[in-house]
Engineer: 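Right, I'll just put the structure down here and ask away after.
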Amino acid sequence: MRGLSTAVCAAAAVVSLLPAPAAAVSRRAPAAPALPRPDLAGLRGVLRTAVGQGAPGAMARLDDHGTVHRIAAGVADRRTGRALSTADRFRIGSVTKTFSAVVLLQLVDEGRLVLDAPVNRYLPGLLPDDRITVRHVLSHRSGLYDYSDDLFARSVPGFEAVRTKVFTYRRLIDLSLRHARTSAPGGPYSYSNTNFVVAGLLIEKLTGQPVAAAYRRRIIEPLRLTDTFYVHPDTAIPGRYARGYLTPDTPGGALVDATRQTVSWAQSAGALISSTGDLDTFLSALLRGRLMSAGALQEMRRWIPAGGTQSYGLGLRRRRLSCGTFVYGHTGAVQGYYTYAFTSGDGRRSLAALANASNSSKVHTAMLRTLDAAFCGSTTSGHRTTTARETAEDTHGGGTEGGR
Ligand code: REY
């Protein structure tokens, strides 16, 4: 396998550079209050509700201090009827952004990138404003318009138009720059895939390698993530996977099997493939300080308001749950797949959940409640445990804003 020995060396180098993680974190942060026991029955009920709202399948893997709970409902494949399994791989959409940010923060640690330097210092002439910094990009404060808003105004035709397309990063940035910017550099949070396309270009420029190699050498191999792949522009998910189904905008329309796609419209903003187990491992390692220095992690966790109960750091979200507990991670929405990957402040309880449906606000709203069940325990009110049979009739598509 080409490059394996160098990859292993790089992996070893990353790990050996890291501080003893638990100690590094506990010296700086007061111990978080103990979380209530997870509500596993509530979690199962939420997943069944998501299936009742039209998702072919829904699943969650909860790692609580090393005790792993796996729950799945519905199917991985509507044609064969194979049951969904928490071992299945899937497309993680924007959880990819956290991987991209980790790579860039490692480069900061190595002295090869300065967060407050202009992007144009590293990529001369790329952006029309020298004031846009790396930090602005990673916190969605660059003001760069989100080109994907144009691509998917009509969900199914929009998807079919890009399903097998291969974009260059520069082409995607050009699509964004056709529009006025949404704010001056450093303005308020405004979520835009364009930012993480810029991040991909930065990774390639600074490492001299495709993003796939950076993810592999710096994250996938050191953490032994055996289900995580960046195959762009290939359209297939390797091995065993859940098929993904896009909900059409027209109520009652047939679901579109969106499994095969290049995801070229998202790339470093959203094209990774992974599994619930690997996402639990990744986020836990991140919050426990195993992927970067304590200083870099602190930068990643400098929060700005991102609407409602959410804040954004650098490629990382913080959500305040119904019980007041904060969780850290990202959501993802690519056609066919809604992903939820969050961990506790100390990285000791991690939840990765998937519905193999997208473009359905009902499914998304149901899936968000996996977080309350996992981190707030059974004291939380409002866990509906509606069965598939009770709600199967009122399924239809919806917006995705909240899904990203
Ligand atoms: C793209 C549209 C959403 C998904 C997006 N995802 O920006 C990024 C993320 C990578 O944050 C699509 N929605 C759907 C529509 C809406 O087509 N008209 O839900 O499948 O994960």
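Ligands are counted one by one from 1 in listed order, and the atoms in each one are counted from 1 as well.
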Engineer: In terms of ring plane angle, is the pair Trp265 and Phe152 parallel, tilted or perpendicular, where the classes change at 30° and 60°?
Structural biologist: perpendicular

Engineer: Name the orientation class of the two ring planes belonging to Tyr338 and His364 (parallel below 30°, tilted from 30 to 60°, perpendicular beyond 60°).
Structural biologist: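 Plane angle between 30° and 60°, so tilted.
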
Engineer: Below 4.0 Å from any atom of ligand 1, is there a heavy atom belonging to Gly158?
Structural biologist: no

Engineer: Once side-chain hydrogen bond (donor to acceptor under 3.5 Å, both in side chains) is applied, do any residues pair with Asp257, and if so which ones, sequence neighbours excluded?
Structural biologist: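 Checked Asp257 against side-chain hydrogen bond (donor to acceptor under 3.5 Å, both in side chains); matches are Arg243, Thr259.
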
Engineer: Quick check on Trp265 - does any of its heavy atoms sit under 4.0 Å from an atom of ligand 1?
Structural biologist: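 It does; at least one heavy atom falls under 4.0 Å.
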
Engineer: Under 3.5 Å, N or O to N or O, is Asn193 touching ligand 1 that way?
Structural biologist: yes

Engineer: Is the closest heavy-atom distance from Tyr337 to ligand 1 below 4.0 Å?
Structural biologist: no

Engineer: Classify the ring geometry between Tyr215 and Phe99 as parallel (under 30°), tilted (30 to 60°) or perpendicular (over 60°).
Structural biologist: perpendicular

Engineer: Students often mix this up, so state it plainly: with edges at 30° and 60°, are the rings of Phe196 and His140 parallel, tilted or perpendicular?
Structural biologist: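 If you compare the ring of Phe196 with that of His140, the planes turn out tilted.
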
Engineer: Does Leu246 approach ligand 1 within less than 4.0 angstrom via side chain, backbone, both or neither, non-hydrogen atoms only?
Structural biologist: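 Contact part for Leu246 vs ligand 1: side chain (C-beta onward).
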
Engineer: Hey, looking at atom 15 (C) of ligand 1, which of Ser94, Ser155, Gly270, Ala357 has the closest heavy atom?
Structural biologist: Ser155

Engineer: Could you work out, for atom 6 (N) of ligand 1, the closest of Gly244, Ala333, Gly332, Ser358 by heavy-atom distance?
Structural biologist: Ala333

Engineer: Does an N or O anywhere in Asn359 fall below 3.5 Å from an N or O of ligand 1?
Structural biologist: yes

Engineer: Between Tyr191 and ligand 1, which part of the residue brings a heavy atom under 4.0 Å of the ligand: side chain, backbone, both or neither?
Structural biologist: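 Near ligand 1, Tyr191 shows its side chain, while the N, CA, C and O stay back.
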
Engineer: Determine whether the side chains of Arg61 and Ser350 contain a donor N or O and an acceptor N or O closer than 3.5 Å.
Structural biologist: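 Side chains of Arg61 and Ser350: no pair found under 3.5 Å.
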
Engineer: With nothing but distance in play, are any N or O atoms of Phe152 less than 3.5 Å from an N or O of ligand 1?
Structural biologist: yes

Engineer: Should Lys165 and Glu160 be marked as a salt bridge (charged side-chain N to carboxylate O under 4.0 Å, His left out) after you check the CA-CA gap, both sets of side-chain angles, and the distance that decides it?
Structural biologist: CA-CA 9 Å; Lys165 251 198 179 144; Glu160 294 298 358; over 6 Å; no

